[in-house]
**Student:** 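So that we are looking at the same thing, I have put the structure below in structure tokens.
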Number of protein chains: 2
Amino acid sequence: MQQNQATAELMTLRDREYKCGIDVTLALVGGKWKASILWHLAQETMRFSDLQRQFSDTTRKMLTQQLRELETDGLVHRKVYPQVPPKVEYSLTDQGRTIFPILELMCDWGRNYAQAGNQA
Amino acid sequence: MQQNQATAELMTLRDREYKCGIDVTLALVGGKWKASILWHLAQETMRFSDLQRQFSDTTRKMLTQQLRELETDGLVHRKVYPQVPPKVEYSLTDQGRTIFPILELMCDWGRNYAQAGNQA
DNA sequence: AAACACAGTACCTTTTTGGTAACCATTACA
DNA sequence: TGTAATGGTTACCAAAAAGGTACTGTGTTT
């Protein structure tokens, strides 16, 4: 169980090097919004304005930024409809869907932790 | 599958509120080092100097800081031996061990992602 | 003619995180 | 007497992440 040192190869991602898969994962979804965005998109394709409603405590700017990075990293697909007013739909790519089990565990674990913590 | 909105209750952690378990989890292990530290401690109890060797690209300050927070959050146990020179051992608490499945998935997923990405 | 809808972008500020260098205490050993 | 070992702390600074506000474009509705 020492996968991370056994393979001494470094992983490269966006010009940075990582020793361990955990760090790669966190680089991709470790921000303040990304994991939640993926979680919501896993449940349904959403328009930009839907996401704005869901994440009403952030700004358009932050959402755009995070979505662009997720798109660049191949986790989210962005589909623009050529109409006015604009319509843009966001959905998970196949690769994006593969992270769902982690999000599910994180969701459950966090909820349990918060509950246990509140009782203590 | 809309656990996060179905329960409209907010979770509180260190004076902050979270809507979703995912955010709680990330608040606890989402930093640059914490998840890796937990991953290493899951494999063996380590002294501070062991951790310094493992994380040779960080500083005593960062290690101490991260370990203190993990301790405060109940994920890591810190045992001080009253001797000179000092000896301090870090290990996971029971609660800390419960996060291991997530770390394992994150480790595998990140490695797969990095591999797939390099081929594309 | 004015306002609205949607999905942004540009520019700037604040907050959080990470990093450097220096310092401390105690005992053993040369 | 001086140095090494361990496990820190503190003050200060740099970089990264997040946040705020204003502005854009273009058809449609009022």
**Student:** Given dG7(D), dG8(C), dG19(D), which nucleotide is nearest the side-chain atoms of T58(A)?
**Tutor:** dG19(D)

**Student:** Atom CG of L26(B) and atom P of dA18(D): how far apart are they, to the nearest Å?
**Tutor:**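 After rounding, the reported distance stands at 11 Å.
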
**Student:** Any luck finding a side-chain donor-acceptor pair between E89(B) and Y81(B) under 3.5 Å?
**Tutor:** yes

**Student:** Report the nucleotide, chosen from dA5(D), dT26(C), dA7(C), that has the shortest atom-to-atom distance to any side-chain atom of P85(B).
**Tutor:** dA5(D)

**Student:** Using a cut-off of less than 4.0 Å, is there contact between a side-chain N or O of R47(B) and OP1 or OP2 of dG7(D)?
**Tutor:**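 R47(B) to dG7(D) OP1/OP2: side-chain N or O found under 4.0 Å.
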
**Student:** Taking N and O atoms by type only, does the side chain of R60(B) place a donor or acceptor under 3.5 Å from a partner on the base of dG7(D)?
**Tutor:**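 By the distance-only test, no, there is no pair.
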
**Student:** Which one, dG27(D), dA7(C), dT6(D), comes nearest to the side chain of P86(B)?
**Tutor:** dT6(D)

**Student:** Which residue, Q66(A) or E89(B), contacts DNA chain D at a nucleotide closer to its 5' end, judged by nearest heavy atom?
**Tutor:** E89(B)

**Student:** Regarding Y90(A), tell me which of base, sugar-phosphate or nothing describes its non-hydrogen contacts under 4.0 Å with the strands shown.
**Tutor:** sugar-phosphate

**Student:** Touch check for R16(B), heavy atoms < 4.0 angstrom, all strands: base, sugar-phosphate only, or nothing?
**Tutor:** sugar-phosphate

**Student:** Calculate the interatomic distance between L67(A) atom CG and dC6(C) atom P; express it in whole Å.
**Tutor:**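 Interatomic distance, CG of L67(A) to P of dC6(C): 17 Å.
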
**Student:** Would you mind reading off the distance between L63(A) atom CG and dG20(D) atom P, rounded to a whole angstrom?
**Tutor:**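 L63(A) atom CG is separated from dG20(D) atom P by 13 Å.
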
**Student:** Rounded to whole Å, please give me the gap between CD in Q65(A) and C1' in dA7(C).
**Tutor:** 15 Å

**Student:** In whole Å, I'd like the distance from the NZ atom of K34(B) to the C1' atom of dT16(C).
**Tutor:**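 One finds 12 Å between C1' of dT16(C) and NZ of K34(B), rounded.
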
**Student:** What integer distance in Å separates D57(B):CG from dT20(C):C1'?
**Tutor:** 15 Å

**Student:** So, for R68(A) and Y90(A), which heavy atoms are closest and what is the spacing to 0.1 Å?
**Tutor:** NH1-OH, 3.5 Å

**Student:** Between the base of dG19(D) and the side chain of K61(A), is there a donor and acceptor pair under 3.5 angstrom?
**Tutor:** yes

**Student:** Parallel, tilted or perpendicular, judged at 30° and 60°: which one describes the rings of W33(A) and F55(A)?
**Tutor:** perpendicular

**Student:** Distance-only, no hydrogens or angles: does the E44(B) side chain make a donor-acceptor pair with backbone N or O of H40(B) under 3.5 Å?
**Tutor:** no

**Student:** Nearest to the side chain of K32(B), heavy atoms from C-beta on, is which of dG18(C), dG7(D), dG27(D)?
**Tutor:** dG18(C)

**Student:** May I ask you to say what T59(B) touches in the nucleic acid, namely base, sugar-phosphate or nothing, with a heavy-atom cut-off under 4.0 Å?
**Tutor:** base

**Student:** Does R53(B) or R68(B) map to a spot on DNA chain D nearer the 5' end, using the closest nucleotide for each?
**Tutor:** R53(B)

**Student:** Would the distance check show the side chain of T93(B) and the main-chain N or O of G74(B) forming a donor-acceptor pair, the cut-off being under 3.5 Å?
**Tutor:** yes

**Student:** Tell me if a side-chain donor or acceptor on T25(A) pairs with a main-chain N or O of G110(B) at a distance below 3.5 Å.
**Tutor:** yes

**Student:** Taking 4.0 Å as the cut-off, does a side-chain nitrogen or oxygen of S49(B) come that near to OP1 or OP2 on dG7(D)?
**Tutor:** yes

**Student:** dG20(D) C1' sits how many Å from M62(A) CE, rounded?
**Tutor:**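 Distance, rounded to whole Å: 12 Å.
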
**Student:** Expressed as a whole number of angstroms, how long is the span from Q52(B):CD to dT6(D):P?
**Tutor:**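 Distance check: Q52(B) CD to dT6(D) P gives 9 Å.
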
